[in-house]
There are 2 protein chains.
Amino acid sequence: MKHIVILGSTGSIGASTLDIVSRFPDHFAILGLTAGTNDEKLEQQIRTFHPRVVALSSETAAQRLRARLTNHPVEILSGEKGLCTVASAPDSDLVISAIVGGSGLMPTMAAIRAGRAVALANKEPMVMAGQMMQEEAHKQGKRIFPIDSEHSAVFQSLEGHRKQDVRRIMLTASGGPFWNWSVDQMKHVTPDQALQHPNWKMGAKITIDSATMMNKGLEVIEARWLFDVPPNQIEMVIHRESIIHSLVEYCDGSVIAQLGFPDMRTPIAYALNYPERISLEPPLLDLGKIGNLTFYPSDFEKFPCSKLAYEALEGGGGLPATLNAANEIAVQAFLNNEIAFLDISRLIRDTMNAYTPHALTTIEDALEIDRWAREKASVLVKAFTK
Amino acid sequence: MKHIVILGSTGSIGASTLDIVSRFPDHFAILGLTAGTNDEKLEQQIRTFHPRVVALSSETAAQRLRARLTNHPVEILSGEKGLCTVASAPDSDLVISAIVGGSGLMPTMAAIRAGRAVALANKEPMVMAGQMMQEEAHKQGKRIFPIDSEHSAVFQSLEGHRKQDVRRIMLTASGGPFWNWSVDQMKHVTPDQALQHPNWKMGAKITIDSATMMNKGLEVIEARWLFDVPPNQIEMVIHRESIIHSLVEYCDGSVIAQLGFPDMRTPIAYALNYPERISLEPPLLDLGKIGNLTFYPSDFEKFPCSKLAYEALEGGGGLPATLNAANEIAVQAFLNNEIAFLDISRLIRDTMNAYTPHALTTIEDALEIDRWAREKASVLVKAFTK
């Protein structure tokens, strides 16, 4: 029996994780859950999965929940401190980190520092402070497992093969809904259009990131730290069908890849029960029926966000955290109809240009840069406001 | 330094193996070589790689070679006994088994019985006596490594993953030159047409086997014994570009695959230096440039040879050996312009129909069935003669 904590249980990854847990009650038990403000959904999850402790970011949401669960044997915490307490709860075997955006950093780091094995579904903490997270995990003798489908594919394609033989990691990208649009066509993209992902059903933030291809940029940074591979050995390729989830090329010309239907339950289950696989028994992958797997080179000119990610990695220090924070502000502004689709990358670049190199030695440094960049980007939004 | 024996050194796989050995003289040394009748090519190889012992199947070829190498410090043996002596030569670290057809069985078995690690490029021995070979290898505590690109792909896709989680093996097939021809069109196929393989440059026997898709059938049988997976979990799918060399599907929906340009040096090098890879550094696999990977269901009606292989596995006993022997006779008869392309499968089926179940407990049983089936098929050839 594995005891699981889910940070961000009311989101898309949280729901898929709980779906697997509910199907394998002999394998998994829920020890802790956290959410942001959605106390109603969290209440349902508490009544179904009986965690020992939960936390909500919002104090008022936590108060509402406490009022409704007075006789229920669950401890209800709140705020970042509450989230960190759940993240580091004793006796958990695995912490699923699935809080959207940079606010996942502190709870995830709390889990790592408490010596927990962590499975990362959100890439932002790694983008902000990947090196520190890995150093801490090594110190604790624990591995950080990826849940992102691409990184799970890379992880699985590295298993059983020698790290020193790796020549190149190839992250596949669906290309999002605009991969074959011209820059001119993209000028008038609406949030509704950008929220139509061709292959994956995901949250709003990551769906917009897919449309700008910032998602792939963030994944390059995540891969750099997860797998300790230099950026010039990490590439991206457009793969329309999202069947090949990513590939690892070795020095002898062999390329190992992980494939499957786009279903987040597969990488979640792999992380949940590693090294044993769970018999999810989804439909067989019928390549004869699928017929075609198509690929295109990625285009930095049309999708500058992915290029910005490489520049952030090259610049190092707090530049990836700056990129990440500016992107969160820009995506929100776009979803709020404040800025245009093409302004997302411009806003990020302007914020990165305003960044002056800082030492990045503690998590607090990363959070400080994150705060600064959010503020800066929020000010810059006004310059782009439609 | 690994000391290598190559059985069948003058063939296509032998030449590719020696190409790798010559490029990595600090890694590999040639201890023994064998050939059939080509004493001239073997002489060149002896002068370049200085093996301690060699053998030729043909006694007259061996006599010619001895006459030319009187002062050369190499022992020159002949006949099946000579081949077996080289196969089991002391101090070799790996025996590459690359003799075309069923005549590879005895030398390969000699190597296994002598406790050598064996890398199999020829599939016929496994088809004839796979279970016995594996039992002997287990007894010796040695592994049999595949060199066939499909089986190397499966082997690499199993490394680092749990055998009990395997749901299905998918062998890819280029489909050969006639994959989209109608049966009517295939009536008048000439040997020259059948020898035009779209992706791989290989010997004549295996190229014809690719055109009839018997090659994939033999691979199913080989996979059944190499990986100890039941036939109903081994499938084939047409993949025109031969970039994905094969795939393994796991119970959670993950499919692990090995990809690469069609170049036999990659699987040879993997088997030669397992578990370390050799830096062959071939061109990068540029999927964006390749653009398309296409797949079609395999068609047992149009390519009955592949179906016969499943029937042979199901029938068990000496039926796979019968299939294999009849196929060798049929392919040779087709290459000699004695029978038509479509008669290859008919001849094999008729030979299989004539088979009466035999116990298959020793290699001698397999060889006896092989002899019987060759004789039977040779007689049946006359019924089909054009």
Residue [X] excluded, over 12 heavy atoms near [atom1] under 6.0 Å:
X: Lys307(A); atom1: NZ; result: no
X: Lys302(B); atom1: NZ; result: yes
X: Gln185(A); atom1: CD; result: yes
X: Gln164(B); atom1: CD; result: yes

Of the backbone (N, CA, C, O) and the side chain (C-beta and beyond), which part of [X] lies under 4.5 Å from a heavy atom of chain B, both, or neither?
X: Glu281(A); value: both
X: Arg168(A); value: side chain
X: His161(A); value: side chain

Looking at chain B, which one of [options] has the largest number of heavy-atom pairs inside 4.5 Å, strictly under?
options: Val248(A), Leu284(A), Leu247(A); answer: Leu284(A)
options: Phe295(A), Tyr270(A), Tyr250(A); answer: Phe295(A)
options: Ser157(A), Ala257(A), Ser298(A), Ser152(A); answer: Ala257(A)
options: Cys251(A), Ala153(A), Gly160(A); answer: Cys251(A)
options: Lys289(A), Glu159(A), Arg277(A); answer: Arg277(A)

In terms of heavy-atom pairs under 4.5 Å with chain A, which of [options] leads?
options: Ile243(B), Leu280(B), Asp252(B); result: Asp252(B)
options: Leu285(B), Asp263(B), Ile290(B), Val237(B); result: Leu285(B)
options: Gly260(B), Ser254(B), Gly253(B), Ala269(B); result: Ser254(B)

For Asp299(A), side chain to side chain donor-acceptor pair (under 3.5 Å) partners two or more places apart: none
Side-chain heavy atoms of Val255(A) within contact of Gln258(B), under 4.5 Å: no
Do Asn292(B) and Asn292(A) have side chains that approach each other closer than 4.5 Å (heavy atoms only, starting at C-beta)? yes
So for Leu287(B), is it side chain, backbone, both, or neither that comes closer than 4.5 Å to the heavy atoms of chain A? both
By a 4.5 Å heavy-atom criterion (distance strictly below it), what part of Pro275(B) contacts chain A: side chain, backbone, both, or neither? backbone
Supply the atom-to-atom distance Glu276(B) CD to Asp165(A) CG, rounded to the nearest 0.5 angstrom. 7.5 Å
Rounded to the nearest 0.5 Å, what separation is found between the CD1 atom of Ile244(A) and the CG atom of Leu293(B)? 6.0 Å
Please find the pair of heavy atoms, one from Pro283(A) and one from Arg167(B), that lie closest to each other, and give the distance. O-NH1, 4.1 Å
